[in-house]
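Bear in mind the structure is a predicted one, so any value in this text is a computation, not a measurement. Numbered from 1 within each chain, the chains take letters A, B, ... in sequence-line order.
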Amino acid sequence: MSASSDHANSVFASVVQAPEDPILGVTVAYNKDPSPDKLNLGVGAYRTEEGKPLVLKVVRKAEQLLVNDPSRVKEYLPITGLADFNKLSAKLIFGADSLAIQENRVTTVQCLSGTGSLRVGAEFLARHYHERTIYIPQPTWGNHPKVFTLAGLSVKTYRYYSPNTRGLDFQGLLEDLGSAPAGAIVLLHACAHNPTGVDPTSDQWEQIRQLMRSKGLLPFFDSAYQGFASGSLDADAASVRMFVADGGECLAAQSYAKNMGLYGERVGALSIVCKTAEVASRVESQLKLVIRPMYSNPPIHGASIVATVLKDRDLYNEWTVELKAMADRIISMRKQLFDALQARGTPGDWSHILKQIGMFTFTGLNANQVAFMTKEYHIYMTSDGRISMAGLSSRTVPNLTEAIHAAVSSVA
Amino acid sequence: MASAMLSLASASPSASLSLQENLKISWKRGTSSRINFLGSDFSKTKSFTRTSMTVAVKVSRFNDITMAPPDPILGVSEAFKADTHEMKLNLGVGAYRTEDLQPYVLNVVKKAENLMLEREENKEYLPIEGLAAFNKVTAELMFGADNALIQQQRVATVQGLSGTGSLRLAAALMERYFSGAKVLISSPTWGNHKNIFNDARVPWSEYRYYDPKTVGLDFDGMISDIKAAPDGSFVLLHGCAHNPTGIDPTPEQWEKIADVIQEKNHIPFFDVAYQGFASGSLDEDASSVRLFAARGMELLVAQSYSKNLGLYAERIGAINIVCASSDAAARVKSQLKRLARPMYSNPPIHGARIVSNVVGNPELFNEWKEEMEMMAGRIKSVRQKLYDSLCAKDKSGKDWSFILKQIGMFSFTGLNITQSENMTNKWHVYMTKDGRISLAGLSSAKCEYLADAIVDSYHNVK
C-alpha cells in the first residue's frame, strides 16, 4: 500500500495550524530576519554588552565539578527532585532563618523552571483546594492564563497597571482583591513584575497582605527574578517573606532561568508553605501524584548546578557578584535609553523607563507602533510594548532611540 | 480593626493560645466536607479545655488532603533504600546495573559531556519543540535515516520529557482533537500509562495481552478486543520488550495486528522505551514501528533514551507523529507546541545535546551500539543463569523457560501479590506487586539466591 493513497484521509485533517507563541514567536521571527541591524528585545534572556548570551562563571565552574566527578550517576531523581536543591531553594526564597522551614511546614519540589512550578502548583490546587478561581494581575506574563486554565483553574483578573500613570493602580487592586470570594487564589509577582516592571512599595505590600489574610485569599507567588530586580537576593524576596512571616499559607514558584542564567536547563521549584508539618507532608505526597503522570521526575543537570553553587560559600558569593553585575548593567541601560530619548527630544514622558524594575520596560508603545518598529527598524519585541532591557547594549541604544522616536512621531 | 488584624496576623502559632480572645474558629460548612477558612469573622471565645475540642488558631486550608500512597514502581526503590539486610536485591525499577550492581553511565555519554564542556555551549532556551538537531536524529533512529517519511517531512517530532512526558503530550493532543476517542492499553501494561491517560482525561480500556496459562501472548484475545473497540480508537502498543511481561508479538503477529488496526481505522500509538535493549540491535527493535509506517499508516511513537543511553535523570525523549502529509505534520507539530508551552515552556537542553552528539557522530554512534550490545548481552546472560538456577533448584517440573523467551529488561514471573510480598518480606527482594522483576538489577552472583526466593514464594505461598 503506498503512502500517497492515504493523503486524502488524514486523521489529523481537523487539526489547524496553531499561531506561534506570542513571546517565543518573537525570537522565531527575529531569527528569520536577514537584516544586520536587527535587535531582539522580545524574550527576557540576558545579553552581555556585546549582545551575547551569558553563561555565568560560577555555572561553568559547577559544571566542571559535576562532569569531572567520577562518582556522579544519572539515576532517576525522586519524583520530588534533588533533595539538596529543594532545601537550598527554600532557604534562598524564604530566608535561611525562616521559621516556616525550621518547623518543617514547607514542602518544596523541584519542577521545570517557573512554568513547570506554576503548572504543578495549579494542578494541585485544582484538585485539592476548594476555591478554583485564580486572580491574575492585569496585565501579566502572557503564558500565565494558559498555564492556569489547562491546569483546571478558572482565571479572573485584578487591576494592576495604570496606563495613565504608568504605575500601579493600587486602589483598583485593593478593590478587586477586596471583592474576590473568600479563599480565592491570587497570583502575585514577587518582584520585577512582568511585563510592566511596576512593583508595589513595601507599605503597599503590607496592605495587600493584610487584605488578603483578612479574606483568606491564598497567595501564589511567581518569583522569576530574585536578585535581578534590585541586585539583592534578600531584598527581592521581601514580599514573599512578609507573607510567610505572619504564619499563613502560600505557594511560591521559583525559577533559576534568569538569575543563574540556566534558561534551557529548566530549573525551578515549587514551595507550599503550610500551617503544620503534618499537612506539608500530605501535600507533598499529593504533589507527587501530579508530577508522576506528567513527566515522572525532573531533570538532574540544572538542579545539580544550582545545588553546587548554593551550598558552597565561595561559589555562592561569586554568584551574588555576577548577579549584581547583570542587574547593574540593566539599570545602566535604563539610564542610557532614557538619556538618549531626552536628548533626541522624543515627545512624551519617559521617566517610567527609570522607575520600572527588573528586566523589562513597559514602554507604553501600542501594537501599531510596535509593528512599525519591527518593519522599519527590525526591532523585535512583544506587541504589548514590552522590551527586554537585558537585550540592549550601548551600541544598540541609538537605533532603538531612533525607532521609538519615529514610532511615536508617525504612528498613532 | 486594622491593628487587631495586624496583631493576630503577626502572632506566631506558639503564642496563639494566649490570644484566645482572637481565635478564629473554622467549621465544616454545609454539605461540603472541606474545612473552609473564613477570614473575616472573628469570634470572641471562651477558653476551651483540651479534652473537648482541638482548637486551632487557623486550620490549614489543606487539612482535608489525604496522604497519597507511594508510587507502586518508584516507591519500591525508596523501600529498598531503607532496608539494611545484606542480601537485599532491588529488582523494582527498570534501571540498568552492572554485574557489581552499580549504576552505569555509558562511556559515550561521558565523552559527549566532555565535548559539550569543551565547546562552552550556551544555555539559552530551546524552542518549544526542542533541540532541532536532536529531533532530527531521533526521528532517523526510529524510522531509519533513509525512510521516505522523513524525506517527505511527514513526521512531526517534538522533544519531550523522556517517555512519560512524550506520552503525556500525545495524550493531551488526543484529548483536545480526538474528543471521546479512547485509547486501548494492554492488560497488563506499565503502571504509569493509566495515570497519564487519566490525568490527560483520555478514556481508556484494556485489550487482552498476557495469558497466565501459557505465560505468553493471548493473541486471539488481543485481536478480538482490538476489533471490538469503536472505530478510530488509539491502540497503545509496546514497540519491543513489553513492560511488564517481556512478551512481544512475532513479526507475523505484528502483521496481523496491523491488519486489524487498519480495518478498524484505529490509530497505532507505539511506546518505545527499549530500542536497542530488546535484541541488542537498534534497527531490529524498531522493526514493529517500521512495519506499520511502511504500510502508510498514520501513527504515534513515544521514545525514551532513559534506558538505552542511560540518561534516566536527564529526561530525554520525543513524541513523533507520522501524518499522511507534510502539511498535516506541520499543523500537528504546532499544536503539540501549544500544549507544551503551558506545561513547561520548552524542554531541558542537556540530555538532548548528549543524544544529538552521540547519535549524530558516527564514531560515538558505533561505540554506543557496542555498549548497547554489552548491556543487552549482560541481561541475556543473567536470564540464562537465572533459568539454569531455577531448573536446578526446582524439582517440581515447572516450566521456567518463559524466563528465556521473555525479552528486554523485565521478567513477568507469574508471582501473585502475596507471593511478591513474600519475596520482599522474607527474602528482601524488591519488585513490583504485579510479579515483575527487573533483570537489569540482577547480577549473576545473585541468581541462585533469587532462584531460591522465587521457588519458595511460588510453591510455599498462596
Measuring from atom [atom1] of [X] to atom [atom2] of [Y], what distance do you get when rounded to the nearest 0.5 angstrom?
X: A:Tyr295; Y: B:Met343; atom1: OH; atom2: CE; value: 10.5 Å
X: B:His350; Y: A:Ser304; atom1: NE2; atom2: OG; value: 9.0 Å
X: B:Lys110; Y: A:Asn68; atom1: NZ; atom2: CG; value: 11.5 Å
X: B:Lys123; Y: A:Tyr263; atom1: NZ; atom2: OH; value: 12.5 Å
X: A:Gln17; Y: B:Arg338; atom1: CD; atom2: CZ; value: 11.0 Å
X: A:Cys274; Y: B:Asn63; atom1: SG; atom2: CG; value: 10.5 Å

When [options] are compared by non-hydrogen pairs under 4.5 Å with chain B, the top option:
options: A:Val147, A:Val16, A:Ile272; result: A:Val16
options: A:Asn143, A:Leu289, A:Val59, A:Val290; result: A:Asn143
options: A:Glu63, A:Arg72, A:Gln64, A:Glu278; result: A:Glu63
options: A:Leu77, A:Val11, A:Leu112; result: A:Val11
options: A:Lys146, A:Arg60, A:Lys288; result: A:Arg60

Measuring heavy-atom distances to chain B, does [X] have an atom under 4.5 Å in its side chain, in its backbone, in both, or in neither?
X: A:Glu20; answer: side chain
X: A:Leu82; answer: neither
X: A:Pro145; answer: neither
X: A:Val28; answer: neither
X: A:Val279; answer: side chain
X: A:Val15; answer: both
X: A:Phe124; answer: side chain
X: A:Leu125; answer: side chain

Under 4.5 Å from any heavy atom of chain A - which part of [X]:
X: B:Lys194; answer: neither
X: B:Glu120; answer: both
X: B:Lys307; answer: side chain
X: B:Phe178; answer: side chain
X: B:Ser162; answer: neither
X: B:Ile321; answer: side chain
X: B:Arg353; answer: neither

Would the distance check show the side chain of [X] and the main-chain N or O of [Y] forming a donor-acceptor pair, the cut-off being under 3.5 Å?
X: A:Arg266; Y: B:Pro348; value: no
X: B:Arg315; Y: A:Asn297; value: yes
X: B:Arg341; Y: A:Asp21; value: no
X: A:Glu249; Y: B:Arg61; value: yes
X: A:Arg292; Y: B:Asn195; value: no
X: B:Asp199; Y: A:Met294; value: no
X: A:Glu75; Y: B:Ala313; value: no

Between [options], the one whose heavy-atom pairs under 4.5 Å with chain A are most numerous:
options: B:Leu126, B:Val332, B:Leu149; answer: B:Val332
options: B:Ala200, B:Ser77, B:Cys323, B:Ser334; answer: B:Ser334
options: B:Asn192, B:Leu161, B:Ile128; answer: B:Asn192
options: B:His193, B:Glu113, B:Met116; answer: B:Glu113
options: B:Ser306, B:Gly163, B:Ala352, B:Ala328; answer: B:Ser306
options: B:Gly351, B:Pro70, B:Pro69, B:Pro103; answer: B:Pro103

Whether A:Tyr129 and B:Phe62 hold their rings parallel, tilted or perpendicular, with breakpoints at 30° and 60°: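 Rings of A:Tyr129 and B:Phe62: tilted, 30 to 60°.
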With a 4.5 Å limit on heavy-atom distance, are the side chains of B:Arg168 and A:Pro293 in contact? yes
Taking the side chain as everything from C-beta on, heavy atoms only, tell me whether A:Thr27 gets closer than 4.5 Å to B:Tyr125. no
If you take all heavy atoms of [X] and [Y], which pair is closest and at what distance?
X: A:Ser285; Y: B:Ala68; answer: OG-N, 2.8 Å
X: A:Arg282; Y: B:Asp64; answer: NH1-C, 4.3 Å
X: B:Thr164; Y: A:Ser296; answer: OG1-OG, 2.6 Å

Assess whether a salt bridge exists between A:Arg47 and B:Glu124, defined as any Lys/Arg side-chain N lying under 4.0 Å from an Asp/Glu carboxylate O. yes
